[in-house]
Amino acid sequence: MTASLLRLIRLYYSLPLAGGFIVIMMYLRGGSLAGVWGKTLIAFGSLFCIICAAYCLNDICDREIDAVNKPSRVLPSGGLSIKAALIFSGCLFAAGLGAAIFCGTDFSLAAAGLSVLLVLYDTKSKSAGIVKVLLAAGLTTSLYPLAFILADPVQTPRLTVLYIHPFWLFFSSLGYEMLKDVRDIEGDSKFSNANLKSREKNYLLAAKIIIPAASLITLIPYFAGLCREVYLASSAGAILLAFGAVGQKPSRAIRLVYCEVFLITAGSLADLLTFGV
């Protein structure tokens with residue numbers, strides 16, 4: 001059962017996504033979390049639980065579609081009951097929101113709002129078309145305002161990066177979500193009357209433009225003098241991955257975009273630790 005629960009929360013997504021919040025906090029606080037270490041770790045735990053809960057709920061809501069697209073997943077394969085998955089998701093949401101209380105009223109309210117939007121996304125967005133992918137990209141990018149809610153920023157050149165990277169992450173996530181929708185079109189077509197073939201064509205074309213274009217935004221912090229050579233290397237690698245995703249099958253392109261986001265996050269942290277503020 002433990003293995004099934006771990007598969008539901010998709011650690012390969014939820015852990016790096018929540019971990020990115022710590023990198024954002026490092027940039028927000030001028031390279032040092034002194035004085036906010038406790039709140040940052042609690043906020044990380046809160047977001048991790050909420051993200052895991054949302055992934056779990058998503059699998060519950062998409063179980064019929066997954067039975068077509070990915071029958072080996074935990075719920076379609078019968079590896080875990082729907083009741084157990086619902087209880088697990090509810091406990092994770094409760095743990096995340098409970099932890100958020102210790103981060104202050106503003107962060108707690110923001111975490112509650114995020115949870116509501118994630119539930120709406122999981123339960124209502126399948127028929128929302130373009131709104132679905134826009135909402136998903138916005139939810140991913142919400143890590144940045146959440147950091148500003150948690151703690152006051154320290155004025156350093158690195159702080160400006162946090163006004164640039166949200167644009168890169170939003171558009172990269174948007175292209176990523178479009179590719180996911182194209183990948184899952186077979187299952188979606190069995191439960192939707194929408195013109196999915198037209199959507200598939202439009203999403204593929206849009207993703208081929210959006211993902212490479214968004215990756216170029218990552219160069220701005222270096223050429224603006226906000227980051228140094230380690231960051232530049234990660235940006236160059238990310239751009240190669242993004243352009244490499246063009247022309248690939250959606251399932252492979254998705255993995256390349258995932259690696260791109262991970263590389264920028266890791267490179268941003270490494271650059272900060274190497275060169276300071």
Side-chain angles (χ1 to χ4, degrees), residues 14-48 50-51 99-100 102-111 113-114 137-174 213-242 257-277:
S14 54
L15 195 55
L17 189 56
F21 179 78
I22 296 179
V23 179
I24 294 170
M25 284 295 297
M26 290 284 288
Y27 272 67
L28 182 77
R29 298 293 296 177
S32 173
L33 294 178
V36 295
W37 258 114
K39 284 204 304 183
T40 299
L41 290 178
I42 294 171
F44 161 79
S46 170
L47 290 173
F48 176 69
I50 290 170
I51 293 167
F102 296 96
C103 296
T105 302
D106 290 344
F107 186 86
S108 182
L109 290 173
L114 175 64
L139 288 168
T140 301
T141 313
S142 68
L143 292 175
Y144 290 90
L146 283 169
F148 279 88
I149 290 171
L150 182 66
D152 294 328
V154 174
Q155 295 297 326
T156 67
R158 296 267 185 183
L159 180 64
T160 307
V161 176
L162 301 187
Y163 301 108
I164 300 169
H165 273 185
F167 292 97
W168 154 71
L169 184 59
F170 177 83
F171 287 110
S172 294
S173 299
L174 182 61
S215 71
L216 296 176
I217 296 173
T218 64
L219 289 172
I220 296 175
Y222 176 77
F223 287 108
L226 308 174
C227 296
R228 302 283 293 277
E229 289 76 15
V230 173
Y231 174 85
L232 177 61
S234 68
S235 176
I239 290 170
L240 288 175
L241 288 169
V257 177
Y258 171 91
C259 291
E260 175 207 345
V261 174
F262 183 86
L263 184 58
I264 287 294
T265 304
S268 297
L269 178 60
D271 194 74
L272 176 62
L273 295 176
T274 303
F275 298 106
V277 297

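Numbering starts at 1 and runs along the sequence shown. Atom set for the values below is all heavy atoms of this structure, side chains included, hydrogens, waters and symmetry mates excluded. What you see is a predicted model, and the numbers here were worked out from it, not measured in a lab.
Remark: Leu226 CG to Thr160 OG1 distance equals 5.0 Å, nearest 0.5 Å. Ile42 CD1 to Phe107 CZ: the interatomic distance, rounded to the nearest 0.5 Å, is 10.0 Å. A distance of 10.0 Å separates CD1 of Ile51 from CG of Leu139, quoted to the nearest 0.5 Å. Residue Leu17 holds its CG atom at 11.5 Å from CD1 of Ile50, rounded to the nearest 0.5 Å.
Counting all heavy atoms, side chain and backbone alike, Cys227 lies closest to Tyr222 at O-CD1, 3.6 Å. The two residues Phe44 and Ala18 come nearest to each other via the heavy atoms CD1-O, 3.4 Å. The minimum heavy-atom distance between Cys103 and Ala43, with the atom names listed, is SG-N, 3.6 Å. Heavy-atom minimum distance, Ala270 versus Thr274: O-OG1, 2.7 Å. The two residues Ala100 and Ala111 have their closest heavy-atom pair at CB-CB, 3.8 Å. Contact between Phe275 and Glu229 at its shortest, heavy atoms only, is CZ-OE1, 3.6 Å.
The side-chain heavy atoms of Thr40 and Leu150, taken from C-beta on, include a pair separated by under 4.5 Å. Taking the side chain as every heavy atom from C-beta outward, Ile239 and Leu216 approach each other to under 4.5 Å.
A donor-acceptor pair under 3.5 Å is absent between the side-chain atoms of Ser235 and the main chain of Leu232, judged by distance alone. The backbone N or O of Val261 lies less than 3.5 Å from a partner atom in the side chain of Thr265, making a donor-acceptor pair.
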Donor-acceptor contacts under 3.5 Å from residues 20-37 side chains, at least two apart:
residue, atom, partner, partner atom, Å
Tyr27, OH, Arg158, NH1, 3.2
Tyr27, OH, Ser268, O, 2.7
Arg29, NH1, Asp152, O, 2.6
Ser32, OG, Ala34, N, 3.2

Could you go through residues 165-174 and list every donor-acceptor pair under 3.5 Å that involves a side-chain atom there, pairing it with any protein atom two or more places apart or in another chain?
residue, atom, partner, partner atom, Å
His165, NE2, Tyr231, OH, 2.9
Trp168, NE1, Ser172, OG, 3.2
Trp168, NE1, Glu260, OE2, 3.0
Ser172, OG, Trp168, O, 2.9
Ser173, OG, Leu169, O, 2.7

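Within a 6.0 Å radius of CZ in Phe102, other residues, nucleotides and ligands contribute 12 heavy atoms or fewer.
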